[in-house]
Amino acid sequence: MTSKEYNIIVDQQADALFRFLIKNTRRKMIAQDLVQISFERLWKNRHKVDFVKAKSYLFTIGYRAMIDFYRKNNREQSYAVLPMKIIPSKSGEYELKQWLETGLQELSKKQRSLVLLRDYEGYSYKEIGEITDLSESQVKVYLFRARKKLKDFFLSHYQNEMKSYGYT
Amino acid sequence: MDIHKKNYEEYVLDFLDHNLSENEHAAMESFFNKHPEIWEEVKDLQNFSLEPEQEFSIDKSNLKRKTKPIGIIQIGMAAAMAAFILFAGIKLMQNQQSVSPNITSVEKDATESESNEVTTKTDNDTQQNIEPKQKGKAQSLKTNSITKIEHTKKQKIQTNNAARTKVGKQNRLPENKGLLANHLDNKVTETINKQLVKEVETVNYNPKLALSITPKTVQVQLPKIEKVQGINLTSTQTNTVEVDKIQVEVLQGQAKYSVSTNKKASDGITNSTQSKLKHKDDFRAIETNEQTENLITKSLLPKSFAYNKKQKKLFAKSLLPKSFGIN
């Protein structure tokens, strides 16, 4: 990968990686640091990385950097995280986005990463397996369970919402 | 294909995405027919999708790298650097050519010493052992940084008692263990690689000069010894070994000698005696003959070689079978 191609990857993938990391860590500064680390490593190894596979390689680095961060910071709970409480909007409707955010936080770290990689970033099961160091079958099972969990979460909140409006 | 409750999760997503083969799809349908409660859970996931949010953005200027081609200024600077290096190299070469050879020597006569110790001294110490005529020459070279010996090193010698019994007292030299030299394993070995060949100078019968041309690798040709003259062998005189080449490498004031032997050794040499030479041998100092300057000024030879002062010849005693003693 040339320097020019590296800069193309920055343009194309920096925001996506940042989104993936901030959704997982829920901390902007940490996500920024992890993005920086990931691109540093990509730059160092640019001669070994093919341009076509650079995106997958970048997310692999980012995912592993995030795992390292989790391991080093077991006191994760003590950090101030972005508020994810569902707040009614002025119109009285719950923001779908906030629901989704809260639902994602209900998932385990691994499930959350897989959902984001598959449904946000559009990676194939095989690519997700390479990024997360899982087999393709494991990826499918984790993803299925994660989606089921999200569905149950949305359903339960929807039902509670209906009850609050007097619907049964 | 057998799909059951323990493995159906692997296939659900592919089933919903219609990525299964016909057989697999049929098997899944059959499974869901048997377990409608599972199908109730699964069917709502058919249209599952998440829309990625576009609001996340990061400053990319810190992440990007410069890809500009090298400018005229950089080229100019590179050219200036190259010219400077070239100039410095030429100057250095000129300085080296103007330097006269230096002389180093082992100041201690091994045969006189009972303390089994050889000391290699610095330039200053060495000069004290050089005759006045040479001393002036050596002093003039004192400022030559290339030929300066940096440190003093004492190394204890371990004599080989077995060797003492075989070699006469006049030839019994102390051994010096652990020096840089490597034994040549009874082979004529080219230790100079091709790249260094140009720097090699062959000096006949004047190892002094060889030693002075530091830090080059130098080959010193010694006269062939057809037989070990003056040494009485208890058996036949055919058991001699020729020593035809000694290679000297001087680096940072330390001499590294390698001795090549002619493989046309006597018939009496056994495998066992040859194998001895495959080990790294101890080394021994050989006496300097300052006046004649004929042979070895300073050398550190494997213990399997001895130097006869009177004959000014080198012989490889340990190549001889044990059954042949040397008186």
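In the text below, chain A, chain B and the rest are named by the order of the sequence lines, each starting its count at 1.
Atom NZ of residue B:Lys64 and atom CD1 of residue A:Ile8 lie 9.5 Å apart, to the nearest 0.5 angstrom. Note: B:Ile38 CD1 to A:Lys148 NZ = 8.0 Å, rounded to the nearest 0.5 Å.
Interface remark: A:Tyr142 contributes no atoms to any contact with chain B (heavy atom separation under 4.5 Å). Of the two parts of A:Gln138, neither the backbone nor the side chain holds a non-hydrogen atom closer than 4.5 Å to a non-hydrogen atom of chain B. Of the two parts of B:Tyr11, neither the backbone nor the side chain holds a non-hydrogen atom closer than 4.5 Å to a non-hydrogen atom of chain A.
Ion pairing of B:Glu9 with A:Lys140 is absent here, as no side-chain N (NZ or NE/NH1/NH2) approaches a carboxylate O to less than 4.0 Å. Salt bridge annotation for A:Asp11-B:Lys60: absent, with no cationic side-chain nitrogen under 4.0 angstrom from a carboxylate oxygen.
When the heavy atoms of residues 15-34 of chain B are compared with those of chain A, the residues falling under 4.5 Å are B:Asp17, listed by number.
When atom types are taken as modelled, the side chain of A:Lys151 and the backbone of B:Glu41 share a donor-acceptor pair closer than 3.5 angstrom. Without hydrogens or angle criteria, A:Asn7 side chain to B:Arg65 main chain gives a donor-acceptor distance under 3.5 Å.
Residue-environment remark: CZ (A:Phe144) exceeds the threshold of 12 foreign heavy atoms within 6.0 Å.
Between B:Asp14 and A:Tyr125, some side-chain heavy-atom pair lies under the 4.5 Å cut-off.
In terms of heavy-atom proximity, B:Ile58 sits nearest to A:Asp15 at N-OD1, 3.0 Å.
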